[in-house]
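As a basis for the values below, the full set of heavy atoms in this structure was taken, side chains included, without hydrogen atoms, waters or symmetry mates. Counting convention: from 1, in listed order, for ligands and their atoms alike. Residue numbers count from 1 along this sequence. Since the structure is predicted, the reported quantities are computational estimates derived from the model, not experimental observations.
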Amino acid sequence: MSDEQVAVTALDSPLHVGRPNIGNTEKFMQRVQDILERRWFTNNGTYNQEFEAYLCKYLGVKHCIPVCNGTVGLELLVRGLELSGEVIVPSFTFVATAHALSWLGVEPVFCDVDPKTHLIDVNKIEQLISPQTTAILAVHLWGNACAIEQLEAIAEKHGLKLIFDAAHALGSDYQGKKIGNFGRAEVFSFHATKFVNAFEGGAIATNDDELADKIRHMLNFGFAALDEVVSIGTNAKMTEICAAMGLTSLENVERFIAKNKQNYLSYQNRLNALPGFSLYPLDTETPNNFQYIVLEIDEPTAGVSRDQLVEFLRKHNVLARRYFYPGCHRMMPYKNNAPKFPLDVTESLCQRLLVLPNGDDVDDDVIGQLYSFIKHIIYSLGKFVE
Ligand code: T4K
């Protein structure tokens, strides 16, 4: 009897996608103590300033303004750049990207993505441009940089603003420069599920002094100085506890990336040997955070569907996710409007992809177990060939 025929047993405890990484706990607790002693909890405190300074140095960017979360960061940017009418955005992204536009009365116009990179397809953007289009909001999905040069050329040719949702892309490079330096601005997320987290949080990175000033006012009710309000504003501030967590996580960024990369390679060694399974290809020579283990399943060759596999893994305590099923254009409120052009690649990816766990919690043994679950279900369905 082969290994695959032996019943596999579920993991002892659930293995999640998006399990938070934790930096130096002792250092974080010292910072919490310090926050409590100094009684300065929010409103651009010391840890916010330190977090921003650290981010700016790490990214090589002039401003990286901490905010309460990535979604609100995108909203501030949309408002700060006075975007209106329509903005071109991929449908294959977390729904926050589209919502940030809709929330401000701007219509997201969905563009298809490239089948290999899963990034906005630069060849399909121009057909979506109308007299109402004011910007392109591209997403560096899975931490992989978009085709920035081509996007810049399209934006310039049509007089559009170019901004990036960089929620996944802290630590990634494009042509030797860190993400955070491109377009008018880029927005990061430091949500618990991101590999560098601040519990909740985000940041707007830009080299544009004027835009940075405007956003700093807007995130604090429009205050420019004591008793002086210069614009409409909101409350998008990051708390000191979140900034302390963000800073403590960021101090460990290289360790997190090294672990992620090691896990990525371990997944790659195993999964790419299975017919019908392909791991999202990352160039291991280009800096990336390697956080996302994205598996594409070609059902006829693999002998198992994505949904069968997700269900089987879940039964065995591996909580894989079907990101970004079913695609923003199929979610409310967007599903009431047909996309301007078909989103064939997005539709296909939404049926074929799953995301597997990575991070501090995962190691070679766990990946080995996960691999045996996958082999087991393929074997059970009668398609396993060694
Ligand atoms: N743009 C993009 C491309 C994004 O991916 C996101 C966020 C944004 C913009 C917006 O940034 P933020 O406003 O969030 O800063 C999660 C996150 O809530 C969301 O931040 C993230 N993308 C998205 C990809 O994933 P859900 O609905 O999948 O969350 P949930 O509660 O199902 O948790 C995800 C997994 O993480 C589960 O397996 C459980 C695990 N988890 C979660 C939390 C909160 C933990 O193990 N511990 C935790 O504390 O959206």
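If you take CD1 on I293 and OG on S266, they are separated by 9.0 Å, rounding to the nearest 0.5 Å.
Protein heavy atom closest to atom 4 (C) of ligand 1, with residue, atom name and distance, is F94 CB, 3.5 Å. Nearest protein heavy-atom neighbour of atom 42 (C) of ligand 1: T193 CG2, 3.8 Å. The nearest protein atom to atom 28 (O) of ligand 1, hydrogens excluded, is given as Y323 OH, 2.5 Å; this is a heavy-atom distance. With respect to atom 40 (C) of ligand 1, the closest heavy atom belonging to the protein is V17 O, 3.3 Å. For atom 44 (C) of ligand 1, the nearest protein heavy atom (residue, atom name, distance) is H191 CE1, 3.8 Å. At the top of the distance list for atom 9 (C) of ligand 1, counting protein heavy atoms only, stands D165 OD2, 3.4 Å. The protein atom (non-hydrogen) at minimum distance from atom 33 (O) of ligand 1 is R321 NH1, 3.9 Å. With hydrogens left out, the protein atom closest to atom 5 (O) of ligand 1 is H168 NE2, 2.8 Å, a heavy atom.
Contact between P20 and ligand 1 is present, with at least one heavy atom of the residue lying under 4.0 Å from the ligand. Close to ligand 1: T97, with a non-hydrogen atom less than 4.0 angstrom away. The closest approach between G201 and ligand 1 falls below 4.0 Å for a heavy atom of the residue.
H191 places a side-chain N or O within donor-acceptor distance of the main-chain N or O of T193, the cut-off being under 3.5 Å. Between the side chain of E186 and the backbone N or O of F182 there is at least one donor-acceptor pair closer than 3.5 Å. Between the side chain of D165 and the backbone N or O of T97, no donor-acceptor pair lies under 3.5 Å. Remark: side-chain polar atoms of S380 are paired, donor with acceptor, to backbone N or O of H376 under 3.5 angstrom.
Salt bridge R31/E37: absent, no basic N to carboxylate O contact under 4.0 Å. Residues E86 and K340 are paired through a salt bridge, judged by an N-O separation under 4.0 Å between the basic side chain and the carboxylate. With respect to the salt-bridge test (charged N to carboxylate O, under 4.0 angstrom), the residues K214 and D209 do not qualify.
Protein non-hydrogen atoms do not reach within 4.0 Å of atom 31 (O) of ligand 1.
Taking only nitrogen or oxygen atoms, main chain and side chain alike, E200 does not reach within less than 3.5 Å of ligand 1.
Contacts with ligand 1 closer than 4.0 Å are made by side-chain heavy atoms of T93 only, the backbone lying farther away.
Using a 4.5 Å heavy-atom threshold, the side chains of V304 and F277 count as touching.
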